[in-house]
Amino acid sequence: MDTVFFYLVAGALLAAALMVVLSRQPMTSVLSLLAAMGCLACLFVLLGAYFAAALQVLLYAGAVLVLFVFAIMLLNLQPEALARARAFTWRGMGILVASVFCFQLIRLLAPAAPLPPLTSAPAAEGTVAAIGRLLFSRYLL
């Protein structure tokens, strides 16, 4: 059941992320970003990281997206400014996709080194108490 839920949420996350990038309306992009952050919080819950999920919803989906909405409303961009920004975004995405493709091609053709054996890390719960114990014991400066 968890696997089915993971694939449903991951598919919704990818669809929302594509809508953020491909949408022509800024408000649609912001609402798609809200959906993507909600899906990401669901994935954190599946991992058992409840604190990270709560932070995702409260900080990013709540506060940061409100700032995005205010900025969009205050800027009131004209269509020609949006067209220039869209052309710049497509050019940047093309460069990014080409560089990732080249990196993957080089990685595919290069001989692979043997991987070291995996060691299991201690399982930490995603609760606030477990994170606090780790922060004030193992990771304390």
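We number each residue from 1, following the sequence as shown. Quick note: numbers below take in every heavy atom, side chains included, and nothing from hydrogens, waters or symmetry partners.
Atom CG of L43 and atom CZ of F5 lie 8.0 Å apart (nearest 0.5 Å). Atom-to-atom distance recorded for F101:CZ and I106:CD1 is 10.5 Å, nearest 0.5 angstrom. Note: L22 CG to T28 OG1 = 12.0 Å, rounded to the nearest 0.5 Å.
Side-chain atoms of S99 come within 3.5 Å of backbone N or O of L96 as a donor-acceptor pair.
Residues L14 and V21 do not share a hydrophobic cluster, defined by chaining ILVMFWY side chains whose heavy atoms lie under 4.5 Å apart. When the side chains of ILVMFWY residues are joined at heavy-atom separations under 4.5 Å, either directly or via intervening members, L47 and Y50 end up in two distinct hydrophobic clusters. Residue V66 is not grouped with residue V69 when hydrophobic side chains (ILVMFWY) are merged at heavy-atom distances under 4.5 angstrom, including chains of intermediate members. Both Y7 and L13 are assigned to one and the same hydrophobic cluster, defined by single-linkage of ILVMFWY side chains at heavy-atom distances under 4.5 Å. In the hydrophobic cluster analysis, where Ile, Leu, Val, Met, Phe, Trp and Tyr join through side-chain heavy atoms closer than 4.5 angstrom, L67 is grouped apart from L31.
Contact annotation: the side chain of V64 never approaches that of L59 to less than 4.5 Å [non-hydrogen atoms, C-beta and beyond]. Side-chain contact between L65 and Y60 is absent, with no heavy-atom pair separated by less than 4.5 Å.
The two residues V9 and C42 have their closest heavy-atom pair at CG1-CB, 3.9 Å. Shortest non-hydrogen contact noted between A16 and A36 is CB-N, 3.7 Å. Closest approach of A41 and V57 over heavy atoms only: CB-CG2, 3.7 Å. The shortest non-hydrogen separation linking L46 to F6 is CD1-CA, 3.8 Å. Heavy atoms only, all atoms of each residue included: F68 and L33 are closest at CE1-CD2, 3.6 Å. Contact detail for S23 and S29: the closest heavy-atom pair is CB-OG, 3.5 Å.
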